[in-house]
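Okay, structure first, notes after.
Order of listing sets the numbers, starting from 1, for every ligand and every atom in it.
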Amino acid sequence: MAHAEEIQLQIRDEGFPEHDSGDDDRAWLESAATATRGANRRGVRWWVLMLVDMLMLLCGEAMAPLLGRLYYNSGGNSTWMATLAQSAGSPLLLIPLLILTPRPAAGGEHRPAVSKAKMAAICVGLGLIIGCDNLMYSYAMLYLPVSTFSLVAATQLAFNAVTSRLINAQRFTALTFNSVVVLTFSAALLGVGASSASGDDDGTSGSSSSSGGSKRALGFVMTLSASAVYALILSLFEVTFDKVVRTRTLWWVLTMQVYTHAVASVVSVAALFVSGEWSKIPAEAAAFKHGRAAYVATLVGIAVGWQAAALGAVRLVARVSSLFANVAGTVALPLVPVFAVAMFGDRMTGIKVLAMLMAVWGFLSYVYQHYLDERHADEWKRRSPADCRMCAERADEKPCPAPAGSCASSGLRRLNI
Ligand SMILES: Nc1nc2[nH]cnc2c(=O)[nH]1
């Protein structure tokens, strides 16, 4: 018991001074009621903002790869230019970043300033990894047809399940597990369906038979590696928000995206010059199938599309988790062929419909789990301080069942003793 008291004291010393008079249960109940009302009010706004982030991610993930393929199919040949386009749109985000001012963390608690040197090192590291992912993605699109690409890219969710478990201590329930499995099968089904319909050569990229099996093998390895690296990137963003920045405001999301993508762009520009591809760009633009203006418009579209996708993804990482951001992104894989039906008059098949329905099912499964978690957290917020004290006084070494932060208004923190 002495141990438990020691822990209580220690926790009280750590924060929430306005509630340190732990005996004042009435005050606690009032503050809990206010917090719950606040949470409910934030609830609708939160879901609407999440929908906006998802739309940004889905539109970007659907539009950017289609334009990437248009670039290669219309005469574009520079993998470094295709790589640069994926990160070059980040200066666009300077506009909202300069308008916004950094907001203090929710609750107004004092937090030590984030070390600039540490953030610079993180942004350089993440930027280099993003640059590698972009390069692998460019090779993947160049060497693999859409069908095989979708099939292999479906693995990114499984990779994310591993990275988020190892790096972010993601909790897996039956619903989140179901979401990962169903979405992976949905994207894979699409790949199988497309390859059986087209003999795995849908002519959408430079991977015609003349390119040879070695290029296709390289495309396969690049897609698989990019899928793993993308999962790692999302998990590293999440762990940075959790452990380094320790807040998840829009200002920090924009800051991290602008700086990491700036690093990726600098590396891509340097590689464009060093590789000599730069000298071929004017001829490539002049010979572009739809003209020079279309060449520029395609690259600008790729840049804007990837920034929208990345912003949506990082916002979802900050709002929910890296796994959820990947779940939402994977929904885009089966949506692309359905968009192609509407935009390019492609044939609608039973497999495309089934893949899309499975994607929606997998996605809703994760959203429902998140809704249950929120409700569980709200229930804990409504409990009396005695419940929280019970946790603190438990001497059985078991973790507290309350969700993180839910004991905050009683002056006690969630315990993991
Ligand atoms: N590998 C990979 N890279 C990305 N960059 C932006 N989106 C993606 C994605 O879905 N996969």
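Nearest protein heavy-atom contact of atom 2 (C) of ligand 1 is Tyr137 CE1, 3.2 Å. Protein heavy atom at the shortest distance from atom 10 (O) of ligand 1 is Gln156 NE2, 3.2 Å. Nearest protein heavy-atom contact of atom 6 (C) of ligand 1 is Trp306 CZ3, 3.0 Å.
Every atom of ligand 1 with a heavy atom of Asp133 under 4.0 Å away is listed here by number and element: 1 (N), 2 (C), 3 (N), 4 (C), 5 (N).
Between the side chains of Thr83 and Ser268, no donor-acceptor pair is found at a separation under 3.5 Å. In summary, the side chains of Ser321 and Tyr366 do present a donor paired with an acceptor at a separation below 3.5 Å, with no hydrogens or angles considered. Residues Asp373 and Gln369 bring a donor and an acceptor atom of their side chains to less than 3.5 Å of each other.
By the criterion of a heavy-atom distance under 4.0 Å, neither the backbone nor the side chain of Gln86 is placed next to ligand 1.
By the 30° and 60° cut-offs, the orientation of the rings of Tyr71 relative to Tyr295 is tilted.
Taking 4.5 Å as the limit, some side-chain heavy atom of Thr79 sits within range of a side-chain heavy atom of Tyr72.
Look at Glu61 and you'll find a heavy atom under 4.0 Å from some atom of ligand 1.
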